[in-house]
Amino acid sequence: MPRQDFEHHLQTLQEELLALGSLVEEAISRSTDALINRNLNLARQVITGDRAINQKRYDIEEMCVQLIATQQPMARDLRVIVAVLNMIVDLERIGDHAEGNAKIAIMIGDEPPLKPYIDVPRMAEKTKEMLRAALDAFVKRDAAAAKRVIDQDDIVDNLYDQVFRELLTYMAADPQTINRATRLIWVAHNLERSADRVTNICERTIFVITGKVEEEGVSKY
Amino acid sequence: MDTTKQTETTGSRSFSGNKGYILKAENLRAFYGAFLAVKDVNLDIKPKSITAIIGPSGCGKSTLIRCFNRMHEVTHGARISGKVLLDGEDIYTPGIDPVSIRTRIGMVFQKPNPFPTMSVLENVVAGRRLTSVLSKRTEMEEIAEKFLRQAALWDEVKDKLKQSGASLSGGQQQRLCIARALAVEPEVILMDEPCSALDPIATLKIEDLMRGLAKDYTIVIVTHNMQQAGRVSDMTAFMMMGDDRAGGLIEFGRTDQIFTNPKDKRTEDYITGRFG
């Protein structure tokens with residue numbers, strides 16, 4: 001087959017993207033666990049681990065630049081590389097959101113929980129599920145699957161609404177809770193933004209397949 | 001049936017004129033004796049634009065552009081069917097002098113071919129002298145300067161006008177040939193791999209020159225260098241040889257679209273290096 005070396009590089013690029021996706025997914029899991037279980041050590045590990053996510057993003061960016069400079073990719077090959085360049089930015093930012101939540105877990109520290117965590121873990125699970133499905137759709141070059149992931153963003157938005165309303169009730173009833181409730185709203189907001197960024201990744205998958213850059217679904221937030 | 005995918009009808013510039021094209025191939029077929037080399041090409045060339053023709057070796061690119069100024073028929077046994085319209089008029093209409101067509105549709109070849117026994121100045125005006133009387137030396141010098149400037153060569157050769165054209169570098173020789181083609185004041189310039197014998201710097205100079213010339217001229221370029229087609233052209237035509245060994249037009253569209261999102265899988269496979 002012609003361009004075996006280039007094919008190999010593209011395959012490696014995709015594997016590196018998936019590796020970055022795994023690191024980010026793990027960061028979401030661990031930051032949520034750190035919050036729920038008040039595990040400050042785990043939170044610190046997430047913060048330290050963000051450096052590895054950033055480094056992986058820069059490594060992939062460099063691979064993309066080298067492929068563009070040396071292989072002169074065209075058509076779908078070019079779209080794949082441009083898509084990866086955009087996806088790594090979104091993945092790195094999702095990692096930053098997870099790091100942000102780990103920092104909030106440290107801020108909350110061992111303060112008594114305001115309420116049992118129910119919707120925040122759901123948001124985290126849904127976001128991770130969307131992220132896995134988004135990267136799977138990219139690997140399979142499946143635009144329909146990418147669109148289905150985008151549609152799921154409404155579920156995370158609705159959970160965010162629910163968290164927001166509930167915490168507002170707490171704050172209205174007892175101003176003493178405002179500090180803790182506001183921090184939890186930040187956590188939920190970070191997860192909501194993470195899910196939005198997953199939809200960006202899906203839009204890039206659709207771009208690879210169709211050649212068109214379009215906002216597929218308008219997020220509520 | 002015309003199966004060419006024409007994905008866009010306009011290039012990145014605006015075009016004047018009602019027809020929207022200056023040169024048009026209609027059901028064009030080119031033969032060498034009984035052999036069909038190019039089949040059923042339908043193509044509109046927009047005025048004051050650069051159209052690149054790309055495709056694997058032997059797909060009929062050069063044959064096609066040689067049909068555009070009746071150079072094809074110079075080969076023994078070569079003929080065409082169909083039409084080539086220049087400003088709406090079929091250049092193959094019986095009675096039309098091919099030489100008059102070639103003054104309106106000039107050509108630059110792969111290898112720079114200045115006339116070796118002529119000076120730089122004489123090379124530029126050589127074609128012009130075939131079509132009009134240039135009696136005064138000053139008239140020749142004015143014309144030479146005008147077209148050497150257009151060919152972005154004046155500053156490099158203004159002190160060498162009496163030297164042989166063959167004494168220039170390869171890139172300068174090719175620009176001299178372009179100046180010679182321009183001096184006839186054609187409407188269309190055909191370029192058959194004009195940079196394939198040049199180094200990268202000379203190539204980029206010719207490409208810059210082409211972009212400048214496209215403000216006043218219509219350029220059709222055959223190139224093996226896809227990056228070159230991407231850099232210089234507004235529209236790109238992709239040709240390929242069929243099972244019957246005849247070359248055909250597969251896809252024609254805006255260059256940015258052809259190189260980022262071609263519609264035909266054969267175009268995609270070729271430009272991404274999967275075959276050819």
Side-chain angles (χ1 to χ4, degrees), chain A residues 1-15 17 63-89 137-144 146-147 200-216, chain B residues 4-9 12 52-59 61 195-196 200 203-204 207 221 223-241 249-276:
Chain A
M1 184 205 281
R3 305 206 79 179
Q4 273 188 346
D5 188 49
F6 181 47
E7 293 280 1
H8 172 71
H9 284 303
L10 283 179
Q11 186 60 35
T12 306
L13 186 67
Q14 186 162 289
E15 284 163 9
L17 180 81
M63 283 175 73
C64 291
V65 171
Q66 281 184 9
L67 284 178
I68 291 170
T70 60
Q71 299 288 335
Q72 290 88 42
M74 299 279 190
R76 182 175 286 213
D77 296 336
L78 178 62
R79 298 203 301 276
V80 165
I81 294 171
V82 170
V84 168
L85 275 170
N86 282 280
M87 288 174 176
I88 57 175
V89 174
F138 173 66
V139 170
K140 291 177 178 161
R141 307 288 189 264
D142 185 341
K147 281 183 179 162
N200 292 349
I201 291 169
C202 294
E203 284 168 3
R204 293 296 160 176
T205 293
I206 293 166
F207 161 71
V208 168
I209 296 154
T210 65
K212 290 179 184 154
V213 187
E214 285 173 345
E215 185 157 1
E216 288 292 332
Chain B
T4 309
K5 295 196 176 177
Q6 299 222 6
T7 49
E8 291 287 340
T9 53
S12 56
I53 301 174
I54 62 169
S57 295
C59 71
K61 305 181 294 288
C195 301
S196 61
T203 295
L204 292 174
E207 289 177 8
I221 176 176
T223 178
H224 265 121
N225 182 335
M226 283 186 290
Q227 281 71 41
Q228 179 171 66
R231 285 192 296 264
V232 301
S233 70
D234 301 296
M235 304 290 287
T236 295
F238 170 61
M239 292 181 71
M240 209 179 97
M241 194 192 289
L249 184 59
I250 303 298
E251 187 167 351
F252 179 51
R254 273 175 38 178
T255 296
D256 56 353
Q257 174 263 313
I258 293 284
F259 283 98
T260 58
N261 194 15
K263 300 299 176 215
D264 193 292
K265 188 176 182 305
R266 292 167 292 181
T267 316
E268 169 108 20
D269 285 348
Y270 180 70
I271 66 170
T272 57
R274 263 52 173 199
F275 84 83

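Throughout, protein chains are lettered first and strands after them, A, B, ... in sequence-line order, and every chain is numbered starting at 1.
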Checklist line | Distance-minimising heavy-atom pair for B:R274 and A:L10 | finding: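 Result for this residue pair: NH2-CD1, 4.2 Å.
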Notebook entry, point to check: If you look at every heavy atom in B:E268 and A:A75, which pair is closest and at what distance?
Noted result: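 For B:E268 versus A:A75, the nearest heavy atoms are OE2-CB, 3.6 Å.
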Notebook entry, point to check: Considering only heavy atoms from C-beta outward, does the side chain of B:T272 approach that of A:R76 to under 4.5 Å?
Noted result: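 The answer is no; the side chains never approach within 4.5 Å.
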Checklist line | Reported CD-to-CG distance for the pair A:Q72 and B:N225, which is rounded to 0.5 angstrom | finding: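 Answer rounded to 0.5 Å: 9.0 Å.
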